[in-house]
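All ligand and atom numbering here is 1-based and tracks the order in the structure.
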Amino acid sequence: MRIDVDSERIVAELDTLAHFSDTEPPAVTRIVYSEADQRARAWLKELCLAAGLAVREDAIGNLFARWQGSDASAGAVGTGSHIDAIPHSGRYDGTVGVIGGLEALRALRRSDFTPRKSIELLAFISEEPTRFGIGCLGSRMLCGNLTAESAGLLTDRESRPLEAVRKAAGFTGGLASVILPAQYYSSFVELHIEQGPILEQERIPLGVVTSIAAPAALRILIEGEGGHAGAVLMPKRRDAFLGAAEIALAVETGALGTGAVDTVGTCGLVEVFPGLANSIPSRVRLELDVRDTDVARRDSVLQNIAQACQDVAARRKLQITSTTLNADAPATCGPAVVAALEDACRADGITYRGMVSRAYHDSLFMSRIAPTAMLFIPCKGGVSHRPDEYAAPEDLANGARVLARTLAALAS
Ligand SMILES: [Zn+2]
């Protein structure tokens, strides 16, 4: 089958989309439900309607654009990503999967292909945790990972309830209606920039993702006793920061200790109270992130950290409490979807390699309800979440064309 994608149009539409932003170009800032986000959404709906797709939105704001297949009883083939963007980021993260996905559908509609299963483009709401502190809000709700009840309790950074914010944006239905019926999708594929350097370094145009690592995040509070940095002698101290330092090292030791390259641990937030050079730290807040493609291995690291907290608390006479902020299971991609992507690369004569996605995507949650895989295209220097994020037109075209071929195979 011959598939012609219009790469100039993809580039032009990504450019237009980048201008729906609260910061000056090249920086993009598009926070969910903001005016910029709402204008971007209205523009995207027009594009989908112009492509002949049937558009609907659910009560949280996920946007669906459907090409109805001949077999109405078959689960749809889904594709898509997100259009929200963290402050001062770039124009390709998420948007490539939405605009590239739309172009894949348009290319198939221009060809002589007719789908048996419906093909549906999705723009997930609030993939970024910027506003509500939780990533993948839309896909979590679609798959039932986040209940309507829990979502209804969320507030944004300015303490405005999600309920009020989404209703003000025009999404007024009951949140319980967001969860998708069983078998709604028969498969799901997400096109995305790699957000890492491997494809560029190895000069391989496409990556077929076989598993998605998922993070666990912990908040650890350590309480000791403050005092004068000169007056309190060392044997008498209960220094909260020294306890925190041992825990941070335990994160590294735990991650290295699995012996697997896929285990990573980061202690990226340390708040020391009162935070003065001449005052013994009385309290510390740590936030940690541990990721792995293997959930048992990741959880073994979490256990090591919990053990370190206990040991440190006893030895240093500190009070340590740990809260799990999130602990999501990793995803193994659907073998049939991976095979369809690989077949499409071969049919197109494009080299590819298998990859692990170390970043978090809506596909992690879609994999809970349908066989799911992802297709990565290179991005310059592996840079993402920055204004200088860049993907070349030929890579965008490769991604959209192989995606189109994959959707056609899955929908036949
Ligand atoms: Zn993304």
Side-chain angles (χ1 to χ4, degrees), residues 10 13-14 17-18 20-21 26-32 34 36-37 40-41 44 60-63 78-102 104 121-143 145 188-199 206-209 211-215 289 291 326 328 330-331 333 355-367 372-391 395-396 399-400 403:
I10 298 174
E13 287 174 348
L14 287 172
L17 183 48
F20 297 111
S21 167
V28 178
T29 301
R30 198 162 42 241
I31 310 298
V32 63
S34 64
D37 184 50
R41 163 186 295 276
L44 178 61
I60 191 76
N62 290 308
L63 172 67
T79 189
S81 193
H82 61 99
I83 63 165
D84 62 328
I86 66 165
H88 297 274
S89 61
R91 62 169 62 176
Y92 299 94
D93 173 15
T95 55
V96 162
V98 176
I99 298 300
L102 176 59
L121 177 72
L122 248 162
F124 295 101
I125 196 95
S126 195
E127 192 267 349
E128 303 289 1
T130 314
R131 185 157 188 176
F132 296 101
I134 182 169
C136 299
L137 180 59
S139 52
R140 280 182 196 270
M141 292 196 71
L142 288 175
C143 79
N145 171 276
F188 187 82
V189 198
E190 180 172 2
L191 173 65
H192 207 282
I193 56 170
E194 182 197 345
Q195 301 181 291
I198 296 170
L199 293 174
L206 290 173
V208 174
V209 175
S211 61
I212 306 170
D289 179 303
R291 306 188 189 204
N326 67 282
D328 297 301
C333 292
M355 309 196 72
V356 172
S357 171
R358 292 169 201 286
Y360 198 89
H361 298 285
D362 290 303
S363 283
L364 182 65
F365 296 98
M366 296 310 282
S367 74
T372 294
M374 297 184 72
L375 182 63
F376 278 175
I377 60 168
C379 56
K380 197 174 169 199
V383 164
S384 184
H385 282 189
R386 274 178 22 191
D388 54 340
E389 190 177 75
Y390 177 78
D395 291 322
L396 293 165
L403 177 64

Task: Over all atoms of both residues, closest heavy-atom pair of L122 and F188 - done: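 Looking at all heavy atoms of both residues, the closest pair is CD1-CE1, 3.9 Å.
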Task: Heavy-atom pair with the smallest gap, counting every atom of S384 and E389 - done: OG-OE2, 2.7 Å
Task: salt bridge (Lys or Arg N to Asp or Glu O under 4.0 Å) contacts touching residues 133-143 (sequence neighbours left out) - done: R140-D328
Task: Pairs flagged by salt bridge (Lys or Arg N to Asp or Glu O under 4.0 Å) wherever residues 81-97 is involved - sequence neighbours left out - done: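 Checked against salt bridge (Lys or Arg N to Asp or Glu O under 4.0 Å) - neighbours excluded - the pairs reaching residues 81-97 are D15-R91.
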Open item on the list: Other residues, nucleotides and ligands only: do more than 12 of their heavy atoms fall within 6.0 Å of CZ on R358?
Closed with: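 Above 12, so yes.
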Task: Counterpart residues, salt bridge (Lys or Arg N to Asp or Glu O under 4.0 Å), relative to E128 (two or more places apart) - done: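 Result, salt bridge (Lys or Arg N to Asp or Glu O under 4.0 Å) vs E128: none returned.
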Task: Polar protein atoms near the Zn ion (ligand 1) [N, O or S; cut-off under 2.8 Å] - done: H82 NE2, D93 OD1, H192 NE2
